[in-house]
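Report on one structure; see the data block that follows.
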Amino acid sequence: SLGRQVALTGRRFWPTGDNEATKRFRREAEIIARLHHTNIVPVYAIGEDKGVHYFAMQFIDGQSLAEYASDKGHKLPLDEVARIGHDAAQALAHAHERNVIHRDVKPSNLLIDGDQRIWLTDFGLARHDNDLTLSLSGALLGTPRYMSPEQAEADGHIDHRADLYGLGATLYELASGKPVFEAK
């Protein structure tokens, strides 16, 4: 509506009456909207049109770190990994200071644009400490390759350190070209 290019995230065709899924989707947009940081993709709007729930975010002209690393042969120079780690850690620190835990930090949820700026995105599993009611008790949430042991236990007792573990696993993979653990 403002004449700018945006990225849209949407959910459609939920079963009628699936209020929990709608609440989780709205909560994701609201959590991101509270975070104003140079390295976090901002949300501009949230809405619903003809049964499609969506939110509009800043369009980042770039690619995920997973794609970027793949294009570079899966292994990045250590000085670049350090810069990426610094920028991603700053974004996470900002979220953590506001009691937001991302819970799915991994290369595909970090974007790199043409100016080499790092952007943290996809807060779909994020939790705000003031809103524990929408968490799925006992559910395994996250991506196993980047998941802290505490998060893998799925007992619901995780904090910001789970994000730091995910970032560490991501940086290790970017620096070495292989995951921390190679297993199914």
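Only a predicted model underlies this, so the values are computations on that prediction, with no experimental measurement involved. Heavy-atom basis, side chains included; hydrogens, waters and symmetry copies ignored.
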Residue pairs passing the salt bridge (Lys or Arg N to Asp or Glu O under 4.0 Å) test with at least one member in residues 78-87, sequence neighbours excluded, are Arg83-Asp87
Can you list everything that forms a side-chain hydrogen bond (donor to acceptor under 3.5 Å, both in side chains) with [X]? Sequence neighbours excluded, please.
X: Thr121; result: none
X: Gln116; result: Tyr68
X: His96; result: Asp163
X: Gln63; result: Asp71

Counterpart residues, side chain to side chain contact (heavy atoms under 4.5 Å, CB included), relative to Ser64 (two or more places apart):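 Partners of Ser64 by the side chain to side chain contact (heavy atoms under 4.5 Å, CB included) criterion, ordered by chain and then number, come out as Ala66, Glu67, Leu111.
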Quick one: side chain to side chain contact (heavy atoms under 4.5 Å, CB included) partners of Leu35, sequence neighbours excluded?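 Only Ile40, His94, Ala95, Arg98, Val100, Phe123 meet the side chain to side chain contact (heavy atoms under 4.5 Å, CB included) criterion with Leu35.
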Side-chain donor-acceptor contacts of residues 169-178 below 3.5 Å, not counting sequence neighbours, with atom names and distances?
from: Thr170; atom 1: OG1; to: Gly166; atom 2: O; distance (Å): 2.9
from: Glu173; atom 1: OE1; to: Tyr146; atom 2: OH; distance (Å): 3.0
from: Glu173; atom 1: OE2; to: Tyr146; atom 2: OH; distance (Å): 3.1
from: Ser176; atom 1: OG; to: Tyr172; atom 2: O; distance (Å): 2.8
from: Ser176; atom 1: OG; to: Lys178; atom 2: N; distance (Å): 3.2
from: Ser176; atom 1: OG; to: Lys178; atom 2: O; distance (Å): 3.0

Of all heavy-atom pairs between His102 and Leu92, which one has the smallest distance, and what is that distance? CB-CD2, 4.3 Å
Between the side chain of [X] and the main-chain N/O of [Y], is any donor-acceptor distance below 3.5 Å?
X: Asn39; Y: Ala88; result: no
X: Asn109; Y: Asp104; result: yes
X: His160; Y: Ala93; result: no

List for me each residue that meets salt bridge (charged side-chain N to carboxylate O under 4.0 Å, His left out) alongside Arg117, sequence neighbours excluded, and say none if there are none.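 Per chain and number, Arg117 pairs via salt bridge (charged side-chain N to carboxylate O under 4.0 Å, His left out) with no residue.
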